[in-house]
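Comments concern the structure below.
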Amino acid sequence: MAAGVLLFVAVNLACICVSGNLVSGERSFSIDYKNNCFLKDGKPFQYISGSIHYSRIPQYYWKDRLVKMYMTGLNAIQVYVPWNFHEAVQGIYNFTGDRDLEHFLDLANQTGLLVILRPGPYICAEWEMGGLPAWLLQKPNIILRSADTDYLQAVSNWLAVLLSKIKPWLYINGGNIITVQVENEYGSYYACDYNYMRHLWTLFRLFLGEDMVLFTTDGNTDREMRCGTLEGLYATVDFGTDTNITEAFSRQRRFEPRGPLVNSEFYTGWLDHWGDQHAVVDAQKVSRVLGEMLAMGANVNMYMFEGGTNFGYWNGADHDTRFRPVVTSYDYDAPLSEAGDPTEKLLAIRDVIKQFRDIPSGPMPPATPKFAYGFVTLRKVGNISSLLNTLSPLGPVRSQYPLTFEEMKQYYGYMLYRTTLPRDLSEPTPLISPLNGIHDRAYVSVNGVFQGLLERDTALVMNITGQQGDTVDILVENMGRVNFGSKINDYKGLLSNLILGRDVLTDWKIYPLDIDGAITGGWPHSDSEQFFPPPHKEPSVGPAFYTGTLQPNGLAWDTFLKLYEWKKGQVWINGVNMGRYWPARGPQQTLYVPGPLLSTTVPNVITVLELEGAPAHLRVLFMDRPQLSATAPKS
Ligand SMILES: *[C@@H]1O[C@H](CO)[C@@H](O)[C@H](O)[C@H]1NC(C)=O
Ligand SMILES: *[C@@H]1O[C@H](CO)[C@@H](O)[C@H](O)[C@H]1NC(C)=O
Ligand SMILES: *[C@@H]1O[C@H](CO)[C@@H](O)[C@H](O)[C@H]1NC(C)=O
Ligand SMILES: *[C@@H]1O[C@H](CO)[C@@H](O)[C@H](O)[C@H]1NC(C)=O
Ligand SMILES: *[C@@H]1O[C@H](CO)[C@@H](O)[C@H](O)[C@H]1NC(C)=O
């Protein structure tokens, strides 16, 4: 510790001497290699930053979260740009509403926060496919994150659009972006392709200019630093509370002998996969290690400061020994909760920051109010098999063998594969995916009767019965594409043939399902009531839709939706896709519902796609606090 403090003092004294040389009023941001620090307008500068992902927070809450970060004493934020969020269809760009990156940068600038921008093109972030658009997979053997020509062409087109938008927001051009990261932890990827990194370097320099500070971030091993760093890009490291900080920064020093110490991702918490214990990182440990790094004069970004939510289908997945999708909540046990509320961890961090810089005076904005709206009764709309006219208006594609989501050009959500039984099955007969080709879960019905499910890596065989000619419906769920490691070419749907006993199933009708399109178009409430089947007439097993309304009570406060007697599925409120629920697998038990999407005057429409089986009581519960762990409710 003592040595660290001395270093801090030395760095600052040396840097201050330099500031005299600067023409006053000139905006600049650079690296001072002589004195091992950043220089902002010619003066030594140390950033204390926090990560926030605009793609995980509705636009109406951006300002609230940024103000709370500013009031904690941060002078910067770190932001990922997810490519697939902005270019969902190749060549068609969306930068409006919740995707309005420039508005987000503007709000940060108004708040007084500098920006460390991480535009990828790959970002990891536990985000669907690490931010890469799934349409890249239309080339079957594309080598992502390499100098593959088709990949590079798509990257070049995207960066031409994105970086041109970014340029006016650079600090040196009058905006607030001080540094820009190139790629993301590239050293942990198997390809280790320097031609790719050099191509990115050329593009970033072309669009952002020679004066911009560009950097890389890598995990704290020699291999990662060797493959992830490049001459001309400042090398930084990332590590959490369990790492020896002296050793971590000396590794950075081996690759960057001079210049500022930077931890680009100091982990305040961690993510959850379905089936995990809810991850928690101790607040005292976070604040102690933060203090040690700041005392060394290091620049620190806390990952995450505000995690937010994987709404819709945006969660990613890991694939180490098996496929492990990330839960809907990205609370991350971060200093600001998923709902943007200050936690004890935030207060502990603020106390540390106070020792290093003046923090803004005035109170921390309070938590947004929460409301327990209580139970809402739902009724069944119908099973998936009976709703295909509504959900698949274009009808099926016929194919002898199954096609993937990517071949069908439907990249997210759910798709239905239909065929008929080739012969009578009076005895339970195994339905097998011999090549582990279920990506990721398949819900199997015969003549509309649910018979069970298959799951990638874990359940590759089930028994079915039926008669020759019976309809077999297989609803396949994309649980989110792999976002890290060598398996990011994560095709979805039925990737290989299914075998029934000794027969290969063939002659498929494949229905793309535009569930979100139907729901944003007003379905199911736009349907006349008489189409709703009477209650309790049908068994509530297998994939089916349910709907109900939350009556307005004049409040539009944040709330948390609990579906604990339900099995697994997806929820929409007023047309907005709130994400997946899966309480049996856990740990997440409630979904975050931002208040501003509720109406104070007209009934709020709740629509549930339950995939396995609804409870006897068709009801859901709105609570006033989250439950992210199956065992201990978070206070
Ligand atoms: C663009 O994104 C916004 C915000 O998510 C959305 O409301 C809008 O419908 C999208 N525009 C198009 C053309 O898809
Ligand atoms: C950022 O904020 C500063 C200070 O309020 C202002 O002078 C500057 O014009 C803003 N930059 C942009 C690009 O809006
Ligand atoms: C960290 O590593 C250094 C150098 O290897 C060692 O001297 C020091 O004791 C370690 N610190 C802790 C807290 O383990
Ligand atoms: C699915 O819905 C159709 C139409 O309402 C009905 O005939 C069929 O029995 C249902 N299947 C199941 C398993 O509920
Ligand atoms: C399928 O049925 C057979 C015969 O009834 C039984 O032995 C086997 O365990 C069943 N397999 C599964 C996966 O349920």
Side-chain angles (χ1 to χ4, degrees), residues 1-5 7 220-222 237 239-254 261 263 284-286 288-293 295-296 298 379-392 416 418 425-434 436 438 442-455 457-466 470-475 498-502 511 513 523-524 527-547 567 569 608-616 618:
M1 270 306 299
V5 172
L7 172 66
N220 183 28
T221 66
D222 285 339
V237 288
F239 57 90
T241 52
D242 290 333
T243 299
N244 179 320
I245 59 180
T246 317
E247 288 178 4
F249 282 131
S250 46
R251 183 167 282 104
Q252 187 197 352
R253 273 279 167 264
R254 285 217 291 286
L261 298 177
N263 183 351
Q284 295 318 312
K285 226 169 157 179
V286 169
R288 179 175 52 78
V289 179
L290 174 67
E292 289 170 11
M293 289 188 290
M296 292 171 78
R379 59 210 162 107
K380 188 168 179 177
V381 179
N383 56 57
I384 284 261
S385 304
S386 64
L387 293 167
L388 292 177
N389 286 344
T390 304
L391 302 177
S392 188
L416 189 104
R418 174 173 284 179
L425 311 171
S426 48
E427 296 294 317
T429 304
L431 175 68
I432 309 168
S433 176
N436 193 10
I438 309 280
Y443 306 87
V444 181
S445 307
V446 177
N447 270 5
V449 179
F450 184 59
Q451 299 218 357
L453 62 91
L454 297 171
E455 183 173 345
D457 293 339
T458 54
L460 304 179
V461 53
M462 63 178 277
N463 283 332
I464 63 174
T465 56
D470 281 358
T471 300
V472 184
D473 275 349
I474 303 181
L475 181 72
L498 291 178
I499 314 287
L500 181 61
R502 50 197 154 74
Y511 291 82
L513 299 182
W523 179 83
D527 272 4
S528 158
E529 300 279 313
Q530 71 203 17
F531 289 124
F532 286 71
H536 306 304
K537 281 279 165 61
E538 290 182 29
S540 290
V541 292
F545 281 93
Y546 303 83
T547 194
K567 296 268 173 38
V608 174
L609 167 59
E610 166 59 47
L611 297 161
E612 296 179 25
L618 293 179

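Atoms within a ligand are numbered from 1 in the order they appear, just like the ligands themselves.
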Q. Any idea which atoms of ligand 4 are less than 4.0 Å away from a heavy-atom of N383?
A. 1 (C), 2 (O), 3 (C), 8 (C), 10 (C), 11 (N), 12 (C), 14 (O)

Q | Proximal atoms of ligand 4 relative to G448 (non-hydrogen, under 4.0 Å) | A | 11 (N), 12 (C), 13 (C)

Q.
Between R251 and E247 (salt bridge meaning N to carboxylate O under 4.0 Å), is one present in this structure?
A. no

(Q) Can a donor-acceptor pair be found, under 3.5 Å and without considering hydrogens, that links the side chain of S392 to the backbone of N389? (A)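 No; judged by distance alone, with no hydrogens or angles, the pair does not exist.
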
Q | Side-chain donor/acceptor of N263 to backbone N/O of F239, under 3.5 Å | A | yes

Q: Provide the number and element of each atom of ligand 3 under 4.0 Å from a heavy atom of E247.
A: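 Contacts of ligand 3 toward E247, numbered from 1: 2 (O), 4 (C), 5 (O).
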
[atom] - nearest protein heavy atom and its distance:
atom: atom 9 (O) of ligand 3; answer: N244 ND2, 4.8 Å
atom: atom 5 (O) of ligand 5; answer: P428 CG, 4.1 Å
atom: atom 3 (C) of ligand 5; answer: N463 ND2, 3.6 Å
atom: atom 13 (C) of ligand 5; answer: V461 O, 4.0 Å

Q: Look up atom 11 (N) of ligand 3 and tell me if a protein heavy atom lies less than 4.0 Å from it?
A: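 Neighbour list for atom 11 (N) of ligand 3 includes protein heavy atoms (cut-off 4.0 Å).
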
(Q) Below 4.0 angstrom, counting only protein heavy atoms, does anything approach atom 7 (O) of ligand 5? (A)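 No, because not a single protein heavy atom sits under 4.0 Å from atom 7 (O) of ligand 5.
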
(Q) Please give me the minimum heavy-atom distance between V446 and T465, naming the atom from each residue. (A) CG1-O, 3.8 Å

Q. In terms of heavy-atom contacts, does CZ of R254 have more than 12 from other residues, nucleotides or ligands at under 6.0 Å?
A. yes

(Q) If we count only N and O atoms by modelled type, under 3.5 Å, do the side chains of D473 and S445 hold a donor and an acceptor together? (A)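 The criterion, which ignores hydrogens and geometry beyond distance, is not satisfied for S445 and D473.
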
Q: Look up atom CZ in R379 and atom OH in Y546, then write down how far apart they are to the nearest 0.5 Å.
A: 13.5 Å

